[in-house]
Amino acid sequence: MHTFGLFVLTALAEIVGCYLPWLWLKKGSSPWLLLPAAASLALFAWLLTLHPDASGRIYAAYGGVYVSVALVWLWAVDGVRPTLWDVAGVGLCLAGMAVIMLAPRS
């Protein structure tokens, strides 16, 4: 559960770090948003170092959580309700993440 929570925090930092420049470039928001965006991306990079095994396997599993958090962001921040296909895609991503994370290792 600790790893999953860390995945969620990492995903939020990455999404915020990318969303703020998008607001500036696409929505005409203040370029000052680039400062918290840079801080958020720095936090994202730091959070990646806290994962128990910083390896391709961990990052692949993180991708499943990232997709889930991105769709929650889409709904909560952008006000776009995910479709049944979005939910099915998240389910597939999380199932893939579970296979990666829970597979027996020698």
Side-chain angles (χ1 to χ4, degrees):
M1 207 60 189
H2 175 264
T3 300
F4 185 79
L6 189 54
F7 280 162
V8 171
L9 287 175
T10 305
L12 283 171
E14 184 178 6
I15 290 168
V16 168
C18 295
Y19 186 74
L20 295 177
W22 180 85
L23 285 176
W24 169 56
L25 291 169
K26 295 290 189 174
K27 300 291 184 179
S29 296
S30 171
W32 286 105
L33 288 177
L34 296 177
L35 293 175
S40 186
L41 288 174
L43 175 63
F44 160 69
W46 178 71
L47 287 169
L48 284 177
T49 69
L50 300 180
H51 291 279
D53 296 313
S55 68
R57 182 177 292 130
I58 290 293
Y59 296 148
Y62 161 73
V65 175
Y66 177 84
V67 170
S68 304
V69 172
L71 283 177
V72 170
W73 181 276
L74 176 73
W75 193 358
V77 175
D78 291 331
V80 177
R81 187 179 179 134
T83 67
L84 180 59
W85 292 104
D86 295 329
V87 173
V90 165
L92 287 170
C93 288
L94 291 176
M97 182 196 111
V99 168
I100 291 168
M101 293 298 292
L102 302 175
R105 310 266 186 259
S106 56

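When reading the values below, keep in mind they use all heavy atoms of this one structure, side chains included, and skip hydrogens, waters and symmetry mates.
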Between [atom1] of [X] and [atom2] of [Y], what distance do you get to the nearest 0.5 Å?
{"X": "Met97", "Y": "Leu92", "atom1": "CE", "atom2": "CG", "value": "14.0 Å"}
{"X": "Leu47", "Y": "Leu41", "atom1": "CG", "atom2": "CG", "value": "11.5 Å"}
{"X": "Asp86", "Y": "Thr83", "atom1": "CG", "atom2": "OG1", "value": "3.5 Å"}

Restricting to non-hydrogen atoms, name the atom on [X] and the atom on [Y] that form the minimum distance, rounded to 0.1 Å.
{"X": "Gly17", "Y": "Ser40", "answer": "N-OG, 3.3 Å"}
{"X": "Tyr62", "Y": "Phe44", "answer": "OH-CE1, 3.7 Å"}
{"X": "Ala61", "Y": "Met101", "answer": "CB-SD, 3.3 Å"}

With hydrophobic residues grouped by side-chain heavy-atom distances under 4.5 Å, do [X] and [Y] end up in a single group?
{"X": "Leu43", "Y": "Ile15", "result": "no"}
{"X": "Val72", "Y": "Leu12", "result": "no"}
{"X": "Ile58", "Y": "Val65", "result": "yes"}
{"X": "Val8", "Y": "Leu48", "result": "yes"}
{"X": "Val69", "Y": "Val80", "result": "yes"}

Once the angle between the rings of Tyr59 and His51 is folded into 0 to 90°, is it parallel (under 30°), tilted (30 to 60°) or perpendicular (over 60°)? perpendicular
Sequence neighbours left out, what pairs pass ring-ring contact (aromatic ring centres under 6.0 Å, His included) with at least one residue falling in residues 69-90?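 Those involving residues 69-90 are Tyr19-Trp73.
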Does some side-chain heavy atom of Tyr66 sit less than 4.5 Å from a side-chain heavy atom of Thr10? no
Please table the atom pairs, donor to acceptor, closer than 3.5 Å between any side-chain atom in residues 21-37 and protein atoms at least two apart or in another chain.
residue : atom : partner : partner atom : Å
Ser30   : OG   : Trp32   : N            : 3.0

